[in-house]
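FYI, the numbering just counts along the sequence from 1. Order of appearance sets the numbers: ligands from 1, and atoms from 1 within every ligand. Computed over heavy atoms, backbone and side chain alike; hydrogens, waters and symmetry mates excluded.
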Amino acid sequence: MKKSTFLVIGGAGYIGSHLVKALIAQQQQVVIVDNLSAGSASAVLGGELIVHDFDDRDFLDKLFSETEFDGVFHFASQIVVSESVKDPGKYYRANTAATLTLLEAMRDHKVGPLVFSSTAAVYGEPLHTPINEQHPTNPLNPYGRSKLMVEQMLADFDRAYGQKYIALRYFNAAGADPQARIGENHEPETHLIPLALQAISGKRPPLQLFGRDYDTPDGTCIRDYIHVDDLASAHILAINHLINNGKSGIYNLGSNHGYSVSEVIHTAEKVTGQEVPLTYAPRRQGDPASLVADASLAKKVLGWQPEYTSLDQIIQHAWAWEQTRT
Ligand code: UDP
């Protein structure tokens, strides 16, 4: 890739920080804008970090006048599904309206292209599995709707103003930097793998297993876990696709392989050599039984090839990261 300058909004967060790491490994110039409401400055392994809200038109006008960007990645969003149900205004403001501010500023300053973090939550309860991008979208909560609305805005902005974009629908981001420099660090943490590992290390209470009565082989939910470094590599392929005049589009990012919650727990026990302290809880509201990606489009069009395909390895990396924090 030729030397370029990229803007990474939300680059101090879990997935964004892994993209920043990958970009600086390729000697790219990187500017990170993050208000550190969820991210952490120590997760930014290089580039120039500007601590600021991106939802500020004056700030964006100044940024885009001062620096010429070859592409923008937008990771900054609110991600807790249950909170989105209780406080939808926060989600439509932070995820949807704020992104409109960004899109308008990019349009007016002729900045692009854009790679946007979307989610498998746009599909809702799957009608078939694995899920490809043609599957109907019917998000079950404001979080998923706030992301789907952005996808719709992106398509409209492309049609009207020729702004190129790729929306990447992540399945379950997992794992950490193989060198354990950065990893998952949400507060509150709601995700299965860090909660299981932190229950082992005694940092959190026993893991609550949500639901054993799903229509799956062992009764627990099935998800598709994809290594965060593989998500990062897909972003670089996506921006290059657009820079090289490829078409706008939407791509699933997953491993095409589902693991049940029980399988994840067993793998965590195998990797750590310790039992996951566990309690059984009722189903969590809005959890589909099974979400598995058909990610063949990203492989075919973008040339994406995930590197860390075993759940063992994903959990090994997450565990190594977890141990740096105890
Ligand atoms: N899960 C669980 N206990 C937890 C957190 C998650 O049993 O404390 C289950 C959850 O019901 C889902 C799977 O683990 O089936 C993955 O959940 P996570 O929140 O990690 O990701 P999601 O699929 O909701 O994006």
How far is atom 8 (O) of ligand 1 from its nearest protein heavy atom, and which residue and atom is that?
L195 CD1, 3.3 Å
Given 3.5 Å as the limit, does a donor-acceptor pair link the side chain of Q316 with the main chain of V271, or not?
no
Would the distance check show the side chain of E269 and the main-chain N or O of V276 forming a donor-acceptor pair, the cut-off being under 3.5 Å?
yes
For atom 1 (N) of ligand 1, closest protein heavy-atom neighbour:
F210 CD1, 3.7 Å
Note: ligand 1 atoms sitting under 4.0 Å from heavy atoms of V261 are 7 (O), 9 (C), 13 (C), 14 (O), 15 (O)
Side chain, backbone, both or neither: which part of L207 has a heavy atom under 4.0 Å from ligand 1?
side chain
I need the nearest protein heavy-atom contact for atom 15 (O) of ligand 1: residue, atom name and distance, please.
C221 CB, 2.9 Å
Backbone N or O of R93 within a donor-acceptor pair of the T96 side chain at under 3.5 Å?
no
Heavy atom under 4.0 Å from ligand 1: found in Y225's side chain, backbone, both, or neither?
side chain
Look at the side-chain heavy atoms of Ile, Leu, Val, Met, Phe, Trp and Tyr, link any pair under 4.5 Å apart, and say whether L192 and Y259 land in one connected group.
yes
Does Y214 use its side chain to pair, donor to acceptor, with the backbone of I222 at less than 3.5 Å?
no
Would you mind running through ligand 1 and noting each atom that sits below 4.0 Å from a heavy atom of H191?
18 (P), 19 (O), 20 (O), 21 (O)
for atom 23 (O) of ligand 1, nearest protein heavy atom and its distance come out as R223 NE, 2.8 Å
Candidate pair D218 and R212, rule salt bridge (charged side-chain N to carboxylate O under 4.0 Å, His left out), full reasoning
CA-CA 7 Å; D218 67 18; R212 289 187 292 169; over 6 Å; no
Mind running salt bridge (charged side-chain N to carboxylate O under 4.0 Å, His left out) on E151 and K147 for me, showing each step along the way?
CA-CA 6 Å; E151 288 190 5; K147 292 281 189 175; over 6 Å; no
For atom 5 (C) of ligand 1, closest protein heavy-atom neighbour
T190 O, 3.5 Å
shortest atom 22 (P) of ligand 1-to-protein heavy-atom contact is with N172 ND2, 3.5 Å
Using modelled atom types only, decide if a donor and an acceptor are shared between the side chain of N244 and the backbone of N240 within a distance under 3.5 Å.
yes
Ranked by distance from atom 3 (N) of ligand 1, the top protein heavy atom is Q208 O, 2.6 Å
Test your reading of the model: is there a side-chain donor-acceptor pair from R283 to the backbone of D213, 3.5 Å cut-off?
yes
Using a 4.0 Å heavy-atom cut-off, which part of V81 comes near ligand 1: side chain, backbone, both, or neither?
neither
Identify the closest protein heavy atom to atom 24 (O) of ligand 1: which residue and atom is it, and at what distance?
R284 NH2, 2.7 Å
